[in-house]
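Note that this is a predicted model, so its numbers are computed, not measured. Every number for a ligand or one of its atoms is a count from 1 in the order of the listing.
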Amino acid sequence: DERRILQYQITLYGDDERLVMARDITRLHQLEQMRRDFVANVSHELRTPLTVLSGYLETYGEMADQLPPRLGRSIGQMQAQTQRMQNLVNDLLLLSRLEIDQGGQDHQPMDVTSLLNSVGADALALSEHQHTLTIEGDYPAQLVGSEQEIRSAISNLAFNAVRYTPAGSEITLRWKAFGQGACIEVCDDGEGIDPVHIPRLTERFYRVDKGRSTATGGTGLGLAIVKHVLLRHDAQLQIDSHPGEGARFRCVFPATRLSTSATPPRSVPT
Ligand code: ADP
């Protein structure tokens with residue numbers, strides 16, 4: 001009555017000999033499922049108390065000028081920490097939803113250039129216009145997928161570009177043909193990342209400099225979210241960076257994810 005999950009490994013020896021090994025990974029699969037459900041449930045349950053807390057803190061924050069200065073400052077700290085917890089819980093919930101859902105429900109052609117413009121505007125607002133932003137997005141094909149998920153992936157990359165580079169740095173968002181398909185690139189000319197860290201950057205909570213990324217408001221889940229969104233779109237994340245030479249995050253989509261059906265603008269008779 002129980003379905004088992006088997007993992008096969010086939011090794012070829014010469015032309016006609018092969019070794020087939022089967023491993024029963026049912027238990028491993030169940031444990032992984034339990035971990036995902038647990039994280040999703042805990043995150044969900046934490047949302048309500050955090051919303052209540054932040055509501056009260058907002059009310060006290062509005063009364064800060066009537067309170068002793070030390071108390072006013074403590075309320076500010078409590079608001080910042082509550083916001084951090086809310087970001088973390090929201091990211092954990094998003095990540096477990098991405099892992100649990102099979103994807104494929106919400107697949108519409110989207111206009112990547114306007115998406116990049118809108119994400120770019122949010123990134124500039126985050127940087128309080130201290131960064132320079134360039135958008136290169138005249139590639140005509142549309143991308144087929146979940147616009148909400150792609151937006152959250154590109155926002156994570158663009159916000160990182162703001163948070164991990166000094167004021168005055170240049171950030172570029174690109175949508176262009178690449179290989180057989182197309183890619184969205186998020187590039188910056190900041191301090192870059194030592195290549196030893198690159199293979200681990202998409203792990204949950206992996207940070208190059210823990211103190212710094214906590215101070216910049218990150219949850220440590222941004223690149224894990226990017227990786228899962230891309231997996232659900234048959235796409236891959238390529239990271240290229242060297243210390244002192246900036247960083248390039250490239251989301252590579254296969255041709256099957258492109259739609260060129262957008263009709264060219266009709267010329268209006270004058
Ligand atoms: P975090 O919330 O810590 O930003 P992420 O998963 O988004 O988590 O990123 C993981 C780590 O990758 C960051 O802590 C940072 O050290 C590094 N990183 C990400 N983007 C950049 C970038 N554009 N330049 C330099 N380092 C970066």
Side-chain angles (χ1 to χ4, degrees), residues 39 43 46 50 80-99 116 119-136 148-175 183-233 235-252:
V39 174
S43 316
L46 282 173
L50 282 172
Q81 295 302 327
T82 312
Q83 182 62 56
R84 243 187 89 198
M85 277 197 276
Q86 283 180 312
N87 292 345
L88 189 58
V89 161
N90 288 340
D91 274 1
L92 276 172
L93 206 55
L94 173 61
L95 194 55
S96 36
R97 281 196 186 130
L98 291 172
E99 285 179 325
L116 294 188
V119 170
D122 292 347
L124 273 187
L126 177 73
S127 99
E128 296 173 345
H129 292 262
Q130 297 194 27
H131 287 70
T132 315
L133 176 75
T134 309
I135 295 182
E136 295 173 12
Q148 199 190 355
E149 288 179 20
I150 297 291
R151 172 184 289 275
S152 102
I154 306 306
S155 299
N156 270 306
L157 296 176
F159 293 179
N160 277 351
V162 167
R163 293 190 290 119
Y164 295 108
T165 59
S169 302
E170 193 159 330
I171 298 168
T172 308
L173 307 181
R174 275 191 201 98
W175 171 229
C183 74
I184 299 175
E185 276 182 5
V186 178
C187 306
D188 66 64
D189 63 353
E191 288 165 28
I193 308 160
D194 193 314
V196 294
H197 297 291
I198 291 180
R200 299 196 58 193
L201 286 184
T202 56
E203 288 174 19
R204 294 181 189 84
F205 301 114
Y206 186 86
R207 280 129 163 194
V208 174
D209 177 346
K210 198 165 168 47
R212 178 151 173 228
S213 44
T214 308
T216 54
T219 61
L221 297 170
L223 293 179
I225 291 174
V226 174
K227 181 180 135 184
H228 277 89
V229 166
L230 293 186
L231 270 177
R232 286 155 63 86
H233 289 81
Q236 280 185 344
L237 180 65
Q238 294 177 357
I239 309 173
D240 281 298
S241 184
H242 291 283
E245 291 176 26
R248 182 180 65 201
F249 292 80
R250 188 184 265 160
C251 310
V252 182

Less than 4.0 Å is my threshold; does some heavy atom of Arg163 fall inside it relative to ligand 1?
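Yes, Arg163 has heavy atoms under 4.0 Å from ligand 1.
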Give a yes/no verdict on whether any heavy atom in Gly190 is under 4.0 Å from an atom of ligand 1.
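The answer is no: ligand 1 sits nowhere under 4.0 Å from a heavy atom of Gly190.
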State the atoms of ligand 1, each with its element, that fall below the 4.0 Å cut-off from a heavy-atom position in [X].
{"X": "Gly220", "answer": "1 (P), 2 (O), 3 (O), 6 (O), 8 (O)"}
{"X": "Gly218", "answer": "2 (O)"}
{"X": "Gly222", "answer": "5 (P), 6 (O), 7 (O)"}
{"X": "Thr219", "answer": "2 (O)"}

I'd like to check the side-chain hydrogen bond (donor to acceptor under 3.5 Å, both in side chains) partners of His197; sequence neighbours left out, ordered by chain and number.
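Scan of His197 (side-chain hydrogen bond (donor to acceptor under 3.5 Å, both in side chains), adjacent residues dropped) gives Tyr206.
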Within-cut-off N or O pair, Tyr206 and ligand 1, under 3.5 Å:
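Not met; the criterion fails.
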Considering both backbone and side-chain atoms of Phe249, is one of its nitrogen or oxygen atoms within less than 3.5 Å of a nitrogen or oxygen in ligand 1?
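In fact, backbone or side chain, Phe249 has no N or O that close.
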Does CD belonging to Glu203 count more than 12 external heavy atoms closer than 6.0 Å?
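Check passes, neighbour count above 12.
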Residues, nucleotides or ligands: over 12 heavy atoms within 6.0 Å of Glu191 CD:
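Counting other residues, nucleotides and ligands, CD of Glu191 stays at 12 neighbours or fewer.
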Just go through Val208, Leu157, Asn156 and tell me whose heavy atom is the nearest to atom 16 (O) of ligand 1.
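When every heavy atom of Val208, Leu157, Asn156 is considered, Val208 comes closest to atom 16 (O) of ligand 1.
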Between Leu88, Ile171, Asp188, Val186, which one has a non-hydrogen atom sitting closest to atom 23 (N) of ligand 1?
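The nearest heavy atom belongs to Asp188.
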Does the side chain to side chain contact (heavy atoms under 4.5 Å, CB included) test come out yes or no for Ile154 and Leu116, once each step is laid out?
CA-CA 8 Å; Ile154 306 306; Leu116 294 188; 4.0 Å; yes
Looking only at side-chain N and O atoms, does Thr219 offer a donor or acceptor that is under 3.5 Å from a partner on Asp91?
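A donor-acceptor contact under 3.5 Å links the two side chains.
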Flag, side chain of Thr165 to backbone of Ser169, donor-acceptor distance under 3.5 Å
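Here the side-chain-to-backbone pair does not exist.
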Between atom CG of Leu133 and atom CD1 of Ile171, what is the distance when rounded to the nearest 0.5 Å?
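One gets 6.5 Å once the value is rounded to the nearest 0.5 Å.
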